[in-house]
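Report on the following structure.
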Number of protein chains: 2
Amino acid sequence: MTTSGKDNSIPGAVVSRLTKYLTHAQVLRGEGVQWVSSSELGEELGLTSATVRKDLAHVSVGGITNRGYEVTVLCDALLSFLGVDVGWNAIVVGAGNLGKALALHGELFRHGFAICGVFDSDGRKVGMRVGGLTVRPMSELAATIHDERVDIGVIAVPAAAAQSVADLLIISGIRGLLNLSLIHIVAPSNVPVVDGRLVARMLELGHAVRTSAARGDTSDYRLGRVGRSEDA
Amino acid sequence: MTTSGKDNSIPGAVVSRLTKYLTHAQVLRGEGVQWVSSSELGEELGLTSATVRKDLAHVSVGGITNRGYEVTVLCDALLSFLGVDVGWNAIVVGAGNLGKALALHGELFRHGFAICGVFDSDGRKVGMRVGGLTVRPMSELAATIHDERVDIGVIAVPAAAAQSVADLLIISGIRGLLNLSLIHIVAPSNVPVVDGRLVARMLELGHAVRTSAARGDTSDYRLGRVGRSEDA
DNA sequence: ACTAATTAGTGAATATTTTCACAATTCAAA
DNA sequence: TTTGAATTGTGAAAATATTCACTAATTAGT
């Protein structure tokens, strides 16, 4: 019954898992499931039940002893803990394919992120439409961040420009950065940077595939959720 | 002098950092820098020099005592270690904005990933052009994986379809998955899954911004690389 | 009511990862 | 050649993270 909910600095790995609990709980809610236990969550997500319980103890969700966690309560607690209920204003810098894809990604909006601007240094891209937005020049970036109270900047520019874009965002008062560029971004400690570097992820995957092959892995495979049962 | 290079199962966190060393070393190479020390790398990437040295000990790069690591050797060793020199065949499932962005992302090709197909279950999307490729129907997926020796599948479909797409890829013999969907993907242990779930990353960022604000962080900020010095 | 079964919460034990600290080595310069 | 500064590689120590294992609580069934 403790679950203090407001401890101090939760490790990034825990927060990362919390996002998984959230999306899985949302799936369960969509299926009309009412209760879920730590062991079920763990099994589905490849974790031990103890890890799940310890993680969830950071959030204000009380589990109930012989039932588990109530799915809707779990969803709400995680949404609130992750700040989805408050919502964020975000801008995307870089109107290339990736930047446009993010700006148009409905799932982001649905999770509390309002994309309120797309910027590009390329004059030929300025003025283009991206969904309901128009690509704006970099010169308007600082004022926009200030005037529209932008919290988050998404860096979707080539590696060579990424750090200077980050610097511009930072001196303009941005509060956090999602880095989609290839390189590591340096930022002051009060501006958290989260990496979404997909090429790097692909490199990690390549390595994993290779070592998996080297180990000669085989597996007793049972299909995932979709194949396993007839869902709602 | 040991640096055995072929030990056993390197932690994922190490591999993730190796991709950072690689991209940073590539930047340095582009600038004509010849040597880099573990402490320089660590400072730039926010790590201790000991971590850098330990990480690099997994790869076959010998540092030299009073100099550090030779940048070109470091690049080559990391490229080789991560399998970029061998190269991979990849397909993208889901011809939405994100899927198209990935298929068209030049940086992927430059890092050894050849996108050799884009698939979608939506008949209206089948036949569309995506760069040099044509969107194909899901019915052709299994044969393509087999015939074109596809190693990696990128899952860029809505959450509701993601696991069944994964299952299809897996039974068709895919060797690794990049998951860009919202949900956790279940796969057998011989098919590694790497998460590139950008919405989840944004949620993590929202949390980080919030706790950063709660701590009242302020910072002595010096600009990153670009602002700090006059590079080559 | 009582019993059996289940499951959250958590202190203690493990396991893993990171950092420290130092010997060995190399380079540059006097 | 000698000295001094720099830097790797690595055991040992410290810090973190995960898992175990047990208690207390709750429910369902009889």
Side-chain angles (χ1 to χ4, degrees), chain A residues 1-21 24-25 28 33-74 77-78 81 204, chain B residues 1-21 24-25 28 33-71 73-74 77-78 81 204 211:
Chain A
M1 274 91 168
T2 323
T3 58
S4 58
K6 205 89 246 188
D7 223 67
N8 212 10
S9 81
I10 291 156
V14 174
V15 178
S16 173
R17 289 196 298 266
L18 291 179
T19 68
K20 292 203 172 179
Y21 304 142
H24 189 65
L28 292 176
V33 175
Q34 202 171 2
W35 296 92
V36 65
S37 69
S38 59
S39 47
E40 285 168 333
L41 275 171
E43 176 140 354
E44 200 63 46
L45 270 39
L47 306 164
T48 66
S49 64
T51 300
V52 175
R53 290 195 298 275
K54 276 244 158 77
D55 286 348
L56 257 24
H58 289 289
V59 185
S60 317
V61 245
I64 288 182
T65 296
N66 200 27
R67 309 272 229 140
Y69 302 89
E70 196 170 0
V71 170
T72 57
V73 172
L74 185 56
L78 287 165
F81 183 86
E204 291 170 39
Chain B
M1 272 92 170
T2 323
T3 61
S4 57
K6 204 92 247 184
D7 222 67
N8 210 12
S9 81
I10 291 156
V14 174
V15 179
S16 173
R17 289 197 297 267
L18 291 178
T19 67
K20 292 201 170 180
Y21 304 142
H24 190 64
L28 292 176
V33 174
Q34 202 170 3
W35 296 92
V36 64
S37 68
S38 59
S39 47
E40 286 168 332
L41 275 172
E43 177 141 354
E44 202 62 48
L45 270 39
L47 306 164
T48 67
S49 65
T51 300
V52 175
R53 290 196 298 276
K54 275 243 157 82
D55 286 348
L56 258 25
H58 289 288
V59 184
S60 319
V61 245
I64 288 182
T65 295
N66 199 28
R67 309 272 229 139
Y69 302 88
E70 193 169 1
V71 171
V73 173
L74 185 55
L78 286 166
F81 183 86
E204 290 170 39
T211 59

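Within every chain, numbering begins at 1; the chains are lettered A, B, ... in the order of the sequence lines, protein sequences first and strands thereafter. What you see below is based on every heavy atom in this structure, not just the backbone, and it leaves out hydrogens, waters and symmetry mates.
Between dT27(D), dT7(D), dT19(D), one nucleotide has an atom nearer to the side chain of S37(B) than all others, and that is dT7(D). Candidate nucleotides dA24(D), dA5(D), dT27(D) were compared by shortest atom distance to the side chain of T65(A), and dA24(D) ranks first.
Checking the phosphate oxygens (OP1, OP2) of dT19(D), a side-chain nitrogen or oxygen of T48(A) falls inside 4.0 Å. The phosphate of dT18(D) has neither OP1 nor OP2 within less than 4.0 Å of any side-chain N or O from T51(A). For dT18(C), the OP1/OP2 oxygens have a side-chain nitrogen or oxygen of R17(B) closer than 4.0 Å. OP1 or OP2 of dG9(D) has not a single side-chain nitrogen or oxygen of R53(B) nearer than 4.0 Å.
Shown here for E40(B) and W35(B), the closest heavy-atom pair between the two residues is OE1-O, 4.1 Å. Of all heavy-atom pairs between A25(B) and V71(B), the closest is O-CG1, 3.4 Å. Across every non-hydrogen atom of Y21(A) and V52(A), the tightest pair is OH-CA, 3.5 Å.
Interatomic distance, L45(B) CG to T51(B) OG1, rounded to the nearest 0.5 Å: 11.0 Å.
The CG atom of D55(A) sits 12 Å away from the P atom of dG9(C) (whole-angstrom rounding). Note: CD (E70(A)) to C1' (dA8(C)) measures 15 Å, nearest angstrom. Taking atom CG of residue N66(B) and atom P of nucleotide dT8(D), one finds them 9 Å apart after rounding to whole Å. Rounded to a whole Å, the NE2 atom of H58(B) is 13 Å from the P atom of dT16(C). Atom CG in L18(B) sits roughly 13 Å away from atom P in dT17(C) (whole-Å rounding). The distance between atom CG of L56(A) and atom C1' of dT18(D), rounded to the nearest whole Å, is 16 Å. The OH atom of Y69(B) sits 9 Å away from the C1' atom of dT7(D) (whole-angstrom rounding). In this structure, I64(A) atom CD1 and dA28(D) atom P are separated by 11 Å, rounded to whole Å.
Contacts of L47(B) with the nucleic acid, taken as non-hydrogen atoms under 4.0 Å apart, are absent. Across all strands shown, S38(B) has heavy atoms under 4.0 Å from sugar-phosphate atoms exclusively, and none from any base.
Remark: the K54(B) side chain and the dT10(D) base include no donor-acceptor N/O pair separated by less than 3.5 Å.
A side chain to side chain contact (heavy atoms under 4.5 Å, CB included) with V73(B) holds for exactly one of V61(B), L78(B), I64(B); it is V61(B).
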